Trainee: 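The structure follows.
In this text, all values refer to a predicted model and were calculated from it rather than measured experimentally. Each residue takes its place number in the sequence, starting with 1.
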Amino acid sequence: MTMVKLGIIGYGLRIHDVFPDIESAERGYRIAAIADPNLGALREELGERAKQVQFFAEAETMLAHCELDGVVIGTRCNLHTEMALKVLRRDLPLYLEKPVATTYEDLARLRAGYAASRSEVVVSFPLRNTPLVRLAKEIVDSGKIGTVEHVQAVNNVPYGGVYYHSWYRDERITGGLFLQKATHDFDYLNHLLGMRPVAVCAMKSKQVFKGTKPAGLKCADCEENRTCEESALKAKPGPGRGEYCCFAVDTGNEDAGSALLRYESGMHASYSQNFFARRGAARRGARLLGYKGTLEFDWYASELKVHMHHEARVESHAIDASALDGHGGGDGALVDNFLETIRGRERSRTTLDDGLLSALLCLKANESAETSRFCQVAW
């Protein structure tokens, strides 16, 4: 297997999870260079493995001085477009974290840069690569349930505190939670339906994660840190959880959002996401309804069912979750696809066109929620 030399721009938590090894003989890649402003902490974290890597403070310097086979971008969200444009100008294979852009202006810049580039781009949309969605796609395309004429999708996030305790709470960086979470769900829905969305109407609300605590307050400094259910000291710690009070006046992000999507055939889908559901209330998946039957799946339950409408039959499929890596088995498939695009053996299965459409849909959902009107999903 050809050993692929990768450059990383922003080696944060997400990229560390997807590309955990500095060198992987199994997958055939080596992280040859990292551009990240937090170089001291990175070197300390990597220890002896850091000797195998060239470190740079600036992405431009890394790209100019290293011979790389491909580049991975995992910066904070508001920098995705700027960093991607640097790579696209060099026609290098690119793995780009979602959302691909957080503003209309960046989205337009990225679309133009992509049109002028020869780069093969894999966007980090793991959900469509999971065994559940691959099976759902197979069943939908077979015609078993008829043509899909209605969709009900949901995402009740049990670890939602991460979007209020850490840097994710800053909407100037994230662009809001449609761009953070729904961007995945909109992509897998578009993939399953094989149709383009043409209009969106959305609402969002902030009913729980708000309050009068002072700006900048940390859980460690709060007198309620032993009783508050969201306390970073009381709750079980998790990756990227953060340390700030989620009931402070500077806590950003809505805590629930819903959207109605109209597709080109005239059918519509409903989608709803929530960030204060906990424990067994977790759910992420969809129901796709045709005249012949209904297909439903849920990543938390690792199961898919087909309810036939005109006969007394329910088909159940269980996925062995213990055998899957991150995002229900989607992360590994993304990495493999990216490495194979570099080797010239595959094309991207989650293209930048897919990323651009999903980001446009999320931005239109934000616009709809803020203006109380339907928005056309068009360039």
Trainee: Are the side chains of Leu63 and Lys86 in contact, using a 4.5 Å heavy-atom criterion?
Mentor: yes
Trainee: Quick check: do Cys77 and Trp167 have side-chain heavy atoms less than 4.5 Å from each other?
Mentor: yes
Trainee: What do you reckon, are the aromatic ring centroids of Tyr291 and His310 less than 6.0 Å apart?
Mentor: yes
Trainee: Let me check something: do Ile342 and Ile22 share a hydrophobic cluster, defined by ILVMFWY side-chain heavy atoms less than 4.5 Å apart, either directly or through other members?
Mentor: yes
Trainee: Roughly how far, to the nearest 0.5 Å, is OG1 of Thr294 from NE2 of His150?
Mentor: 9.5 Å
Trainee: Thr351 and Val123: which non-hydrogen atoms are nearest, and at how many Å?
Mentor: O-CG2, 3.5 Å
Trainee: Ser348 and Thr341: side-chain donor and acceptor closer than 3.5 Å?
Mentor: no
Trainee: Identify the heavy atoms of Cys362 and Phe178 that sit nearest to each other, and give their distance.
Mentor: SG-O, 3.2 Å
Trainee: Quick one: closest heavy-atom pair of Ala35 and Met62, and the distance?
Mentor: N-SD, 3.7 Å
Trainee: Quick check: does any side chain N or O of Thr102 sit under 3.5 Å from a backbone N or O of Thr174, one acting as donor and the other as acceptor?
Mentor: no
Trainee: If hydrophobic clusters are built by linking Ile, Leu, Val, Met, Phe, Trp and Tyr wherever their side-chain heavy atoms come under 4.5 Å apart, do Leu261 and Met267 end up in the same one?
Mentor: yes
Trainee: For Leu88 and Leu110, run side-chain contact (heavy atoms from CB on, under 4.5 Å): C-alpha distance rounded to whole Å, both residues' side-chain angles, the deciding distance at 0.1 Å, then the answer.
Mentor: CA-CA 9 Å; Leu88 292 174; Leu110 185 58; 3.8 Å; yes
Trainee: Could you please spell out the steps behind the side-chain hydrogen bond (donor to acceptor under 3.5 Å, both in side chains) verdict for Asn190 and Tyr263?
Mentor: CA-CA 9 Å; Asn190 294 340; Tyr263 283 83; 2.8 Å; yes
Trainee: Side chains of Trp379 and Leu107: does their closest heavy-atom pair fall under 4.5 Å?
Mentor: yes
Trainee: Report, as yes or no, whether the 6.0 Å neighbourhood of atom CZ on Arg262 holds more than 12 heavy atoms from other residues, nucleotides or ligands.
Mentor: no
Trainee: Looking only at side chains, do Asn38 and Tyr11 share a donor and an acceptor under 3.5 Å apart?
Mentor: no
Trainee: Tell me whether Glu229 is salt-bridged to Arg278, with the criterion being a basic N under 4.0 Å from an acidic carboxylate O.
Mentor: no
Trainee: Can you check whether Ile73 reaches His80 side chain to side chain, under 4.5 Å on heavy atoms?
Mentor: yes
Trainee: I'd like to know if Lys5 pairs up with Glu23 as an ion pair, taking the criterion as any Lys NZ or Arg NE/NH1/NH2 lying under 4.0 Å from an Asp or Glu carboxylate oxygen.
Mentor: no
Trainee: Got more than 12 heavy atoms from elsewhere within 6.0 Å of CZ, Arg196?
Mentor: no
Trainee: Can you find a pair of side-chain heavy atoms, one from Arg284 and one from His184, that are under 4.5 Å apart?
Mentor: yes
Trainee: Any chance the rings of Trp299 and Tyr188 have centres within less than 6.0 Å?
Mentor: yes
Trainee: Is there a continuous path of hydrophobic side-chain contacts, each under 4.5 Å between heavy atoms, that joins Val87 to Phe56?
Mentor: yes
Trainee: Provide the closest heavy-atom pair for Phe247 versus Cys228 in the form atom of the first, atom of the second, distance.
Mentor: CE1-SG, 3.7 Å
Trainee: What's the spacing between His317 NE2 and Ile139 CD1 if we round to 0.5 Å?
Mentor: 4.5 Å
Trainee: Do other residues, nucleotides or ligands put more than 12 heavy atoms under 6.0 Å from the CD atom of Glu243?
Mentor: yes
Trainee: Identify whether the distance between the nearest side-chain nitrogen and carboxylate oxygen of Glu346 and Arg349 falls below 4.0 Å.
Mentor: yes
Trainee: Verify the distance criterion only: is there a donor paired with an acceptor across the side chains of Glu97 and Ser124 at less than 3.5 Å?
Mentor: yes
Trainee: Strictly by modelled atom types, are His16 and Glu45 linked by a side-chain donor-acceptor pair under 3.5 Å?
Mentor: yes
Trainee: Under 4.5 Å between side-chain heavy atoms, counting indirect links through other Ile/Leu/Val/Met/Phe/Trp/Tyr residues: same cluster for Phe186 and Met195 or not?
Mentor: yes
Trainee: So, do Arg109 and Leu85 sit near enough that their side-chain heavy atoms are less than 4.5 Å apart?
Mentor: yes
Trainee: Between Tyr271 and Gln152, is the side-chain hydrogen bond (donor to acceptor under 3.5 Å, both in side chains) condition met? List the steps.
Mentor: CA-CA 6 Å; Tyr271 170 78; Gln152 301 160 344; over 6 Å; no
Trainee: Evaluate the side-chain contact (heavy atoms from CB on, under 4.5 Å) criterion for residues His165 and Cys245: first the C-alpha distance (whole Å), next the side-chain angles of each, then the deciding distance (0.1 Å), finally the verdict.
Mentor: CA-CA 6 Å; His165 283 289; Cys245 175; over 6 Å; no
Trainee: If only side-chain N and O atoms count, and only distance matters, is there a donor-acceptor pair under 3.5 Å linking Asp91 with Ser117?
Mentor: yes
Trainee: State, without any angle test, whether Asn225 and Lys218 hold a side-chain donor-acceptor pair at a distance under 3.5 Å.
Mentor: no
Trainee: Side chains of Tyr168 and Asn253: is there a donor and an acceptor less than 3.5 Å apart?
Mentor: no
Trainee: Are Glu149 and Thr147 close enough that a side-chain donor and a side-chain acceptor fall under 3.5 Å?
Mentor: yes
Trainee: Please test Tyr95 against Val121 for side-chain contact (heavy atoms from CB on, under 4.5 Å), starting from the C-alpha separation and ending with a verdict.
Mentor: CA-CA 6 Å; Tyr95 180 101; Val121 183; over 6 Å; no
Trainee: Might you work through the side-chain contact (heavy atoms from CB on, under 4.5 Å) test for Leu193 and Val151, ending with a clear yes or no?
Mentor: CA-CA 9 Å; Leu193 294 171; Val151 177; 4.0 Å; yes
Trainee: Strictly below 4.0 Å, N to O, side chains only: are Asp185 and Lys181 in salt-bridge contact?
Mentor: no
Trainee: Distance check, rounded to the nearest 0.5 Å: Leu46 atom CG versus Phe55 atom CZ?
Mentor: 5.0 Å
Trainee: Counting distance only, does the side-chain N/O of Ser368 pair as donor-acceptor with the main-chain N or O of Met203 below 3.5 Å?
Mentor: no
Trainee: State, with a plain yes or no, whether a side-chain heavy atom of Arg226 is found less than 4.5 Å away from one of Leu233.
Mentor: yes
Trainee: What I want to find out is whether Glu315 reaches Lys144 closely enough, with some N-O distance under 4.0 Å, to be called a salt bridge.
Mentor: yes
Trainee: Walk me through whether Glu224 and Lys213 qualify under salt bridge (Lys or Arg N to Asp or Glu O under 4.0 Å).
Mentor: CA-CA 11 Å; Glu224 298 177 39; Lys213 295 291 186 181; 2.7 Å; yes
Trainee: Should the heavy atoms of other residues, nucleotides or ligands under 6.0 Å from CD of Glu44 be counted, would the total exceed 12?
Mentor: no
Trainee: Which distance, rounded to the nearest 0.5 Å, do you find between the CD of Gln54 and the CD1 of Ile31?
Mentor: 13.5 Å
Trainee: Look at the side chain of Asn337 and the backbone N and O of Arg347, then say whether any donor-acceptor pair between them is shorter than 3.5 Å.
Mentor: yes
Trainee: Ignoring hydrogens and angles, state whether a donor on the side chain of Glu230 or Tyr164 is under 3.5 Å from an acceptor on the partner side chain.
Mentor: no
Trainee: Minimum heavy-atom separation for Gly74 to Ile15, with atom names?
Mentor: CA-CG1, 3.4 Å
Trainee: So, for Gly216 and Asp250, which heavy atoms are closest and what is the spacing to 0.1 Å?
Mentor: N-OD2, 3.0 Å
Trainee: Mind checking whether Leu192 and Val148 sit in one hydrophobic cluster, side chains of I, L, V, M, F, W, Y counted as touching below 4.5 Å?
Mentor: yes
Trainee: Quick one: does NZ or CZ of Arg14 land under 6.0 Å from the six-membered ring centre of Phe19, within 45 degrees of the ring axis?
Mentor: no
Trainee: Where the side chain of Asp255 meets the backbone of Gln207, is there a donor-acceptor pair that is under 3.5 Å apart?
Mentor: yes
Trainee: Quick one: CG on Asn129 to CG on Asp187, what's the gap to the nearest 0.5 Å?
Mentor: 9.0 Å
Trainee: Would you call Leu357 and Asp353 a side-chain contact if the rule is heavy atoms closer than 4.5 Å?
Mentor: no
Trainee: With rounding to the nearest 0.5 angstrom, report the CZ to CG distance, Arg128 to Leu189.
Mentor: 11.0 Å
